[in-house]
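Only one structure is covered here, and it is reproduced in the block below.
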Amino acid sequence: MENADIKNIDIKNISDRLSGIIRAAVSPYHTADYALKRLVESGFKELLFEEEWKLERGGRYVIKIYGSTTAAFTIGDGWSGGGFRLVAAHNDFPCIKLKPSAQIEENNYIKCNAGIYGGAILNTWLDRPLSAAGRIILKGGSSGKPASALVDFARPLFIIPNLAIHMNREVNKGVELNRQKDMLPVLCTCNTWDNKKDNGDIFLNMLSGELGREAGEILAYDLNLYPIEEPVLLGADNSLFSAGRLDNLTSVQACINAIEKGQCTGGLNIAMFYDNEEIGSSTKQGAGSVVTRAVIERIYSGMGYGMEKFWCGIASSAGLSVDVAHAIHPNCPEKSDITNKLYMNKGFAIKTAIDEKYASDLEVLGMVLDICEKEKIPFQRYVNRSDIAGGSTLGAVAAVNLPVRMLDIGVPVLAMHSARETMGIYDQYYLEKAVRCFFNWEG
């Protein structure tokens with residue numbers, strides 16, 4: 001793309017919108033809630049996963065599934081049960097999660113017992129102010145189900161301190177951090193808190209206060225820590241964007257934008273936002289389950305089509321698995337493939353893999369290349385070095401239970417799985433345009 005075209009892109013608008021979802025989506029539950037509320041505000045009708053659906057042509061629908069996964073779809077007036085377009089992203093991220101009965105009193109510190117979720121770069125979580133967010137299960141529900149609530153403390157509560165260099169002179173040669181010993185967050189000091197209230201469980205007291213409920217009403221929680229730091233544009237020309245959770249809120253933003261704005265007159269468009277990709281997707285709400293198939297089967301059934309029509313539709317459909325990719329590292333360029341390097345702000349990434357850890361369907365690749373050529377969207381091809389095992393993402397996992405032709409795409413980032421990652425802000429624009437055009441494209 002020529003510089004004149006780049007200058008026509010409103011990077012502040014892109015940055016502000018991306019910052020908005022990053023501030024709101026502080027846990028997978030909050031991401032699902034954000035997607036639901038945003039789409040309802042755009043005119044989507046909320047359906048409940050546990051109730052019968054009544055669907056109509058021209059309808060726009062959204063469903064929250066098990067609290068942390070979301071599905072949205074639009075049914076064109078002219079859709080006759082043929083194929084569909086699917087875009088999918090994951091909404092979880094590597095992080096630190098609090099364990100039950102978390103409080104530890106030791107050496108005048110109140111700490112919390114915690115575990116590591118996903119493949120986090122542990123040392124990036126040290127010395128950062130951390131908050132906590134997630135879902136709480138409470139007494140007082142109905143129909144045999146407990147009540148639930150979302151909580152976001154939205155303020156600095158924890159810190160995990162480094163060991164001073166004077167106590168470990170070899171620290172700059174690399175230190176292996178023990179997940180159980182070295183990654184416990186500090187909440188406060190013992191002498192500054194009244195430890196007599198409610199058996200002295202300080203964090204539980206804070207949690208009940210945040211919810212406006214008694215501590216005894218809290219039955220269980222699923223809470224992750226997150227860095228309480230602002231997203232920022234940076235660099236001499238503001239072309240770089242730094243924030244937590246770019247993996248994979250960049251993709252969630254692109255897919256919400258696409259299903260929200262995509263035109264659907266003769267087809268069926270579907271967007272899925274899954275939890276638990278970072279731990280393998282093998283949960284009831286993950287891409288490795290049959291949840292996507294369940295959603296699509298129910299759409300076909302609700303529109304009066306049988307299983308034969310459903311399987312014919314599967315065979316003629318196409319999808320995008322949208323997840324971040326590895327930008328070439330400024331100080332370690334040798335870690336990239338020798339002919340397929342990703343440069344920031346030069347286009348979104350099309351990811352393929354010889355071992356199929358990325359969904360790599362050739363027909364969908366051809367479709368995306370055609371879209372990019374005709375719509376003048378910059379893109380880059382990406383594969384891993386042959387001697388470096390890359391990660392995997394949800395496209396190939398989902399295809400096991402839903403054999404749809406899929407292709408992996410995403411924005412290039414630095415420091416993937418760090419507590420704070422960096423990307424080129426222009427690439428977000430290119431990704432959003434590509435995903436939106438994928439829904440609209442008729443060839």
Side-chain angles (χ1 to χ4, degrees), residues 32 34-66 69-89 91 251-274 285 287 289-322 364 367 371 395 398-399 401-407 432 434-443:
Y34 172 90
L36 176 69
K37 289 179 179 177
R38 179 169 153 186
L39 291 173
V40 167
E41 288 173 359
S42 297
F44 282 67
K45 180 181 179 181
E46 182 181 2
L47 303 174
L48 298 180
F49 198 55
E50 63 270 26
E51 294 184 1
E52 293 185 11
W53 298 351
K54 295 181 179 179
L55 308 178
E56 298 177 350
R57 282 182 173 76
R60 289 147 61 89
Y61 304 96
V62 59
I63 315 103
K64 189 193 289 187
I65 302 170
Y66 301 127
T69 286
T70 313
F73 57 93
T74 59
I75 305 172
D77 290 321
W79 185 58
S80 57
F84 52 84
R85 296 284 171 87
L86 169 68
V87 299
N91 62 14
S251 302
V252 173
Q253 173 81 337
C255 293
I256 292 177
N257 180 68
I259 196 72
E260 188 177 44
K261 297 182 179 179
Q263 300 299 314
C264 183
T265 54
L268 171 65
N269 288 342
I270 304 169
M272 296 292 303
F273 308 94
Y274 303 101
Q285 63 270 20
S289 75
V290 297
V291 68
T292 314
R293 176 174 166 180
V295 168
I296 300 172
E297 277 192 25
R298 293 178 70 173
I299 295 170
Y300 273 78
S301 175
M303 297 303 294
Y305 300 119
M307 290 303 296
E308 184 68 13
K309 193 76 169 178
F310 165 78
W311 285 113
C312 290
I314 291 289
S316 57
S317 298
L320 297 177
S321 168
V322 193
V364 186
M367 182 188 305
I371 290 170
N401 290 309
L402 190 79
V404 172
R405 295 170 295 146
M406 297 281 288
L407 181 72
E432 290 182 16
V435 180
R436 188 173 65 252
C437 288
F438 177 77
F439 271 158
N440 299 342
W441 197 249
E442 297 180 359

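These numbers were taken from a predicted model, which means no experiment stands behind them.
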Salt bridge (Lys or Arg N to Asp or Glu O under 4.0 Å) involving Glu56 - partner list, sequence neighbours excluded: none
Listed by chain and number, what are the salt bridge (Lys or Arg N to Asp or Glu O under 4.0 Å) partners of Arg38, not counting sequence neighbours?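 Testing Arg38 for salt bridge (Lys or Arg N to Asp or Glu O under 4.0 Å), a comparison that skips the adjacent residues, returns Glu260.
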In the structure I gave you, are the side-chain heavy atoms of [X] and [Y] within less than 4.5 Å of one another anywhere?
X      : Y      : answer
Lys309 : Met303 : no
Trp79  : Ile299 : yes
Arg405 : Val364 : yes
Ile296 : Phe73  : no

Write down the atom of [X], the atom of [Y], and the distance for their closest heavy-atom approach.
X      : Y      : value
Ile314 : Pro403 : CG2-O, 3.6 Å
Ser316 : Gly82  : OG-C, 4.3 Å
Ile371 : Cys437 : CG2-CB, 3.6 Å
Phe438 : Leu86  : CE2-O, 3.8 Å
Ile65  : Ala71  : CD1-CB, 4.1 Å

Considering residues at least two apart in sequence or located in another chain, which fulfil the side-chain hydrogen bond (donor to acceptor under 3.5 Å, both in side chains) criterion with [X]?
X      : value
Thr69  : none
Tyr305 : Arg57
Lys261 : Asn257

State the [atom1]-[atom2] distance between [X] and [Y], to the nearest 0.5 angstrom.
X      : Y      : atom1 : atom2 : result
Leu39  : Lys64  : CG    : NZ    : 12.0 Å
Lys37  : Ser42  : NZ    : OG    : 14.0 Å
Tyr61  : Ile63  : OH    : CD1   : 10.0 Å
Phe439 : Leu320 : CZ    : CG    : 8.0 Å
Thr74  : Leu268 : OG1   : CG    : 7.0 Å
Glu432 : Cys255 : CD    : SG    : 10.0 Å

Thr70 and Tyr34 side chains, donor-acceptor separation under 3.5 Å: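 No - no donor-acceptor pair under 3.5 Å links their side chains.
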Quick one: do Val62 and Ile259 satisfy side-chain contact (heavy atoms from CB on, under 4.5 Å)? Show the steps, please. CA-CA 10 Å; Val62 59; Ile259 196 72; over 6 Å; no
Okay, side chain of Ser301, backbone of Glu297: is any donor-acceptor separation there less than 3.5 Å? no
Start with the C-alpha distance between Thr292 and Asn401, add both sets of side-chain angles, then the distance that settles side-chain contact (heavy atoms from CB on, under 4.5 Å), and finish with yes or no. CA-CA 8 Å; Thr292 314; Asn401 290 309; over 6 Å; no
With a 6.0 Å cut-off on the ring centroids, do Trp311 and Tyr300 count as close?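 When the ring centroids of Trp311 and Tyr300 are compared, they turn out to be at least 6.0 Å apart.
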Please report, to 0.1 Å, the donor-acceptor pairs under 3.5 Å made by any side chain of residues 43-55, with sequence neighbours excluded.
unit_1	atom_1	unit_2	atom_2	d
Trp53	NE1	Leu48	O	2.9
Trp53	NE1	Glu51	O	3.4

